[in-house]
Asks: 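I have a structure I would like to understand better, so I am pasting it below and will then ask my questions one at a time.
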4 protein chains.
Amino acid sequence: MPKKTFYNLDKEKRTRVLDAALEEFGSHSFHRATVSRIVERADIPKGSFYQYFESKKDLYRHLIEMSQEKKFEFMKGALEEMESEDVFGRLRKLYRAGFRFAEQNPRLLAVGQNLMKEDAELQEELLEESLASGEDFIIGTLKEGVENDEIDPNANLSVAASMITQYNLKLVDIFLGTPLNEGAEEFLKKIDSMIDILKNGLSKE
Amino acid sequence: MPKKTFYNLDKEKRTRVLDAALEEFGSHSFHRATVSRIVERADIPKGSFYQYFESKKDLYRHLIEMSQEKKFEFMKGALEEMESEDVFGRLRKLYRAGFRFAEQNPRLLAVGQNLMKEDAELQEELLEESLASGEDFIIGTLKEGVENDEIDPNANLSVAASMITQYNLKLVDIFLGTPLNEGAEEFLKKIDSMIDILKNGLSKE
Amino acid sequence: MPKKTFYNLDKEKRTRVLDAALEEFGSHSFHRATVSRIVERADIPKGSFYQYFESKKDLYRHLIEMSQEKKFEFMKGALEEMESEDVFGRLRKLYRAGFRFAEQNPRLLAVGQNLMKEDAELQEELLEESLASGEDFIIGTLKEGVENDEIDPNANLSVAASMITQYNLKLVDIFLGTPLNEGAEEFLKKIDSMIDILKNGLSKE
Amino acid sequence: MPKKTFYNLDKEKRTRVLDAALEEFGSHSFHRATVSRIVERADIPKGSFYQYFESKKDLYRHLIEMSQEKKFEFMKGALEEMESEDVFGRLRKLYRAGFRFAEQNPRLLAVGQNLMKEDAELQEELLEESLASGEDFIIGTLKEGVENDEIDPNANLSVAASMITQYNLKLVDIFLGTPLNEGAEEFLKKIDSMIDILKNGLSKE
DNA sequence: GATGAATGAGCTTTCATTCAT
DNA sequence: TATGAATGAAAGCTCATTCAT
């Protein structure tokens, strides 16, 4: 956790620091990111950095948590209006909500994506249970599909969920411009195509 | 490219160096891998390293290329006997061949997997077109499926191909023991499940 | 010397600061003690610290002087009732009084002991003449023993006095639990043994 | 242990590094000693330091061990010719030998003396059993005195041994010029006086 | 060509003290 | 006078690469 000195900072400076950190951790892995570049970009003395944060990891963890909270907050709305839909309609809405979140918080997305490429060790340390929970949520949703006769009860839901989360990584990479940043339309079409493939692939009959 | 001095080395030494490098780049990302550990493990002087290679990256690039060639060589056989099958049967065989390759070359696999987690920048530099080419091959195969009336011509083949390659990353992670190393059987079952989902998902009608 | 702002503080706060300082300098050498920990423990702002004291050393010096005064005050009583005894009886009482002081002011003792392990430079700066004066007092006492025919006039009193003060350091270390904190009884027995050895060692005949 | 690169250095440079280290650790405690000053004095790049040693502590440990070995080597001779003497004669010779060693290796002495003023933790880590063994050796010698009827069997040998080792610290301080460096004669007289006091103090009758 | 020592920029972190309000 | 953020020099250490023999 950042020290309270950080929260006592005036908002402009706090923002400057967070922006510099997002920029740094969005474009470098945790280990390659440097405090020196962050303080330089934020235009604060290096000593100040350690007045605000315990360590480089402290700041990183803060960013990750911020990102998760923000995304959770954002997704809550989407999740509520999903209730009525069938299971694939819900997944589609979930993805579209994710896309809107990404549009509004591209750097947060980049930080998270970089974390996904880190040591398993670091991931576990920072994400704790939340890593698995993403896939578990998908599996849960698919199970409801089975109960509603939308999904073949013999389908391997665990594999399907992995396919979804893995393809999501690809989407994020694409979104972040790796290798190329396509337009929103193109993007939403990809989401729909994936959902359609899975819908057909898993549906009863 | 390694310098010609490297190729002048007797085979035993060359192997020792490559083995040490595989070990290092298989267990560390490019940036965290150190030349010191490689030369120590290979039991060669540090100066020699730079007689053989231009730089750390030079060796890394060589490993990546070697790995790709070796895999290509290995897959050629599998590809030939795939001719007769239908498209999903071929994909299944492709994956099973990939699995056998992985079993025989786990460290090569690890190096490649680590590269997938690197900076986009580094990936582009080292993989050049070959990154896309893997996906292109899948797309080509799927296209044949369309022509043979096995696949719905309206299906988004590019998305399907991405789903396949992305899920492959997951399989490799599982294979390499992250997060858990399951038995071969379990493994092949996952492959089959994925193929089945896609088969249903993409098939005409 | 502390600034007058320190003396303007209400007693409770002043005590809090001194306690925090005793704790810190009792458990760390001067150089390893940190102002940050002191202000944190005393629950005062860091800026205030420098309102009260010129520097870390200023506070340290104050503590040392306080400690010496307090000990001197304490010992005065013991010294008075020693008059009637022979010289070794007096030394014994001196030590026992020192032991009681230690029991009542263990942290003061620890601070002093830590100082004894500092750079000679720092010691000289802070202790000035008082270092020697302890030994001089012992020598004075021994001289009286010579005059009273209790001590051999040829004995090297300076060496004897050093032996006493040096052994005292050992006792303090033991007392402070380094390497092991024995019971009071054991402790007093050691004092007696030392006195006995010296008594025999120095006595006439 | 220093790395083998250190031992491969030409003697002049190796000496320069060791001299710089002795100078640094002789005049500063382990924690206050800095690698920067050492490399500056030795006139080597900082990177080289870490080619030669694992860490600051590695070098320090080496110095301590060197010092102990050297002293042990030196003392062996003295110990042998002590056989014939009575117990106090032996202690006297021991001290005189120690003094000669000090004269020839004053900086080694200073390093050791600084270590005695360190954290108990650091001492234990670096000295392991050898710390206690010094006092044990003295006790053993005194015990022989008891067996030979030279020492009162009721004497507290443990206290006597502590007095000896503690006074030794004082002697070393004096020798190293803290507070003042006296002549050799004066010095030897102090040793004799201490031995005499103990001899009388412990002798039977 | 082989060797292994030399190099130095850069890393994260600490902390006494000063500054600005 | 009180406050707590600002500061920057300095610490130990790493490592890819170059240099000298």
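Naming: A, B, ... by sequence-line order, numbering from 1 per chain.
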Asks: Counting heavy atoms from C-beta on, name the nucleotide in E:dT17, E:dG1, E:dA6 closest to the side chain of B:Thr5.
Replies: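 Of the options given, the side chain of B:Thr5 lies nearest E:dG1.
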Asks: Between P on E:dT14 and CZ on C:Arg37, what's the gap in Å once rounded to a whole number?
Replies: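 Spelled out: CZ on C:Arg37 to P on E:dT14 is 11 Å.
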Asks: Does A:Phe6 or D:Phe30 map to a spot on DNA chain F nearer the 5' end, using the closest nucleotide for each?
Replies: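 Closer to the 5' end of DNA chain F: A:Phe6.
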Asks: Closest approach to the side chain of B:Ser55, judged atom by atom: which nucleotide of F:dC13, F:dT17, E:dA16 is it?
Replies: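 Comparing F:dC13, F:dT17, E:dA16 against the side chain of B:Ser55, the answer is F:dT17.
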Asks: Taking atom C1' of E:dT3 as reference, at what distance in whole Å does atom CD of B:Glu40 sit?
Replies: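 Between C1' of E:dT3 and CD of B:Glu40: 16 Å.
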Asks: CD/C:Glu118 to CZ/C:Arg32 distance, rounded to the nearest 0.5 angstrom?
Replies: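 It is 11.0 Å, given to the nearest 0.5 Å.
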Asks: Please indicate whether B:Glu12 has more than 12 foreign heavy atoms, meaning atoms of other residues, nucleotides or ligands, lying under 6.0 Å from its CD.
Replies: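 Yes - once you tally the heavy atoms of other residues, nucleotides and ligands closer than 6.0 Å, there are more than 12.
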Asks: With distance as the sole test, does D:Ser55 use its side chain to make a donor-acceptor pair with the main-chain N or O of D:Asp58 at under 3.5 Å?
Replies: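 At least one qualifying donor-acceptor pair exists.
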Asks: Toss me the dot-bracket line for DNA chain F: Watson-Crick and G-U wobble, both under 3.5 Å, 5' to 3', using | for pairs to another strand and [ ] for crossers.
Replies: .||||||||||||||||||||
Asks: Report the distance from atom CG of A:Leu9 to atom P of E:dT21, rounded to the nearest whole Å.
Replies: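 Going from A:Leu9 (CG) to E:dT21 (P), I get 14 Å.
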Asks: Is B:Glu54 reaching over with its side chain to a backbone N or O of B:Met1, donor-acceptor style, under 3.5 angstrom?
Replies: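 Between the backbone of B:Met1 and the side chain of B:Glu54 there is no qualifying donor-acceptor contact (under 3.5 Å).
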Asks: Hey, what do you get for CG (D:Leu115) to CZ (D:Phe30), rounding to the nearest 0.5 Å?
Replies: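 The CZ atom of D:Phe30 is 10.0 Å from CG of D:Leu115, to the nearest 0.5 Å.
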Asks: To the nearest Å, give me how far apart CZ (A:Arg14) and P (F:dA6) are.
Replies: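 The distance from CZ of A:Arg14 to P of F:dA6 comes to 12 Å, rounded to the nearest Å.
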Asks: Inspect the surroundings of NZ in D:Lys3 and state if more than 12 heavy atoms from other residues, nucleotides or ligands are less than 6.0 Å away.
Replies: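 Counting other residues, nucleotides and ligands, NZ of D:Lys3 exceeds 12 neighbours.
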Asks: When you compare the side chain of A:Phe49 with that of A:Val17, does any pair of heavy atoms fall below 4.5 Å?
Replies: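 A side-chain contact is absent here, since even the closest heavy-atom pair is not under 4.5 Å.
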Asks: Can you measure C:Lys56 atom NZ to E:dT14 atom C1' for me and round it to whole angstrom units?
Replies: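 Nearest whole value for this atom pair: 12 Å.
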Asks: Run through A:Arg41, A:Lys56, A:Arg107 and flag the one making a salt bridge (Lys or Arg N to Asp or Glu O under 4.0 Å) with A:Glu24.
Replies: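 By the salt bridge (Lys or Arg N to Asp or Glu O under 4.0 Å) criterion, A:Glu24 pairs with just one of A:Arg41, A:Lys56, A:Arg107: A:Arg41.
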Asks: Counting only side-chain N and O atoms of D:Ser36, is one of them less than 4.0 Å from OP1 or OP2 of F:dA10?
Replies: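 D:Ser36 to F:dA10 OP1/OP2: no side-chain N or O under 4.0 Å.
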Asks: Grab the NE2-C1' distance between D:His31 and F:dA11 for me, whole Å please.
Replies: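 Atom-to-atom, D:His31 to F:dA11, this comes out as 13 Å.
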Asks: Could you tell me the separation between the CD1 atom of A:Ile44 and the C1' atom of F:dG4, rounded to a whole number of Å?
Replies: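 That distance rounds to 16 Å.
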Asks: B:His28 has an atom NE2; how far is it from atom C1' of F:dT14, in whole Å?
Replies: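 Whole-Å distance recorded here is 14 Å.
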Asks: Side chain of A:Arg14, backbone of A:Tyr7: donor and acceptor closer than 3.5 Å?
Replies: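 Checking the backbone N and O of A:Tyr7 against the side chain of A:Arg14, a donor-acceptor pair under 3.5 Å is found.
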Asks: Specify the residues of residues 45-54 of chain B, ordered by number, for which at least one heavy atom lies under 4.0 angstrom from an atom of DNA chain E.
Replies: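 Listed by number, they are B:Pro45, B:Lys46, B:Gly47, B:Ser48, B:Gln51, B:Tyr52.
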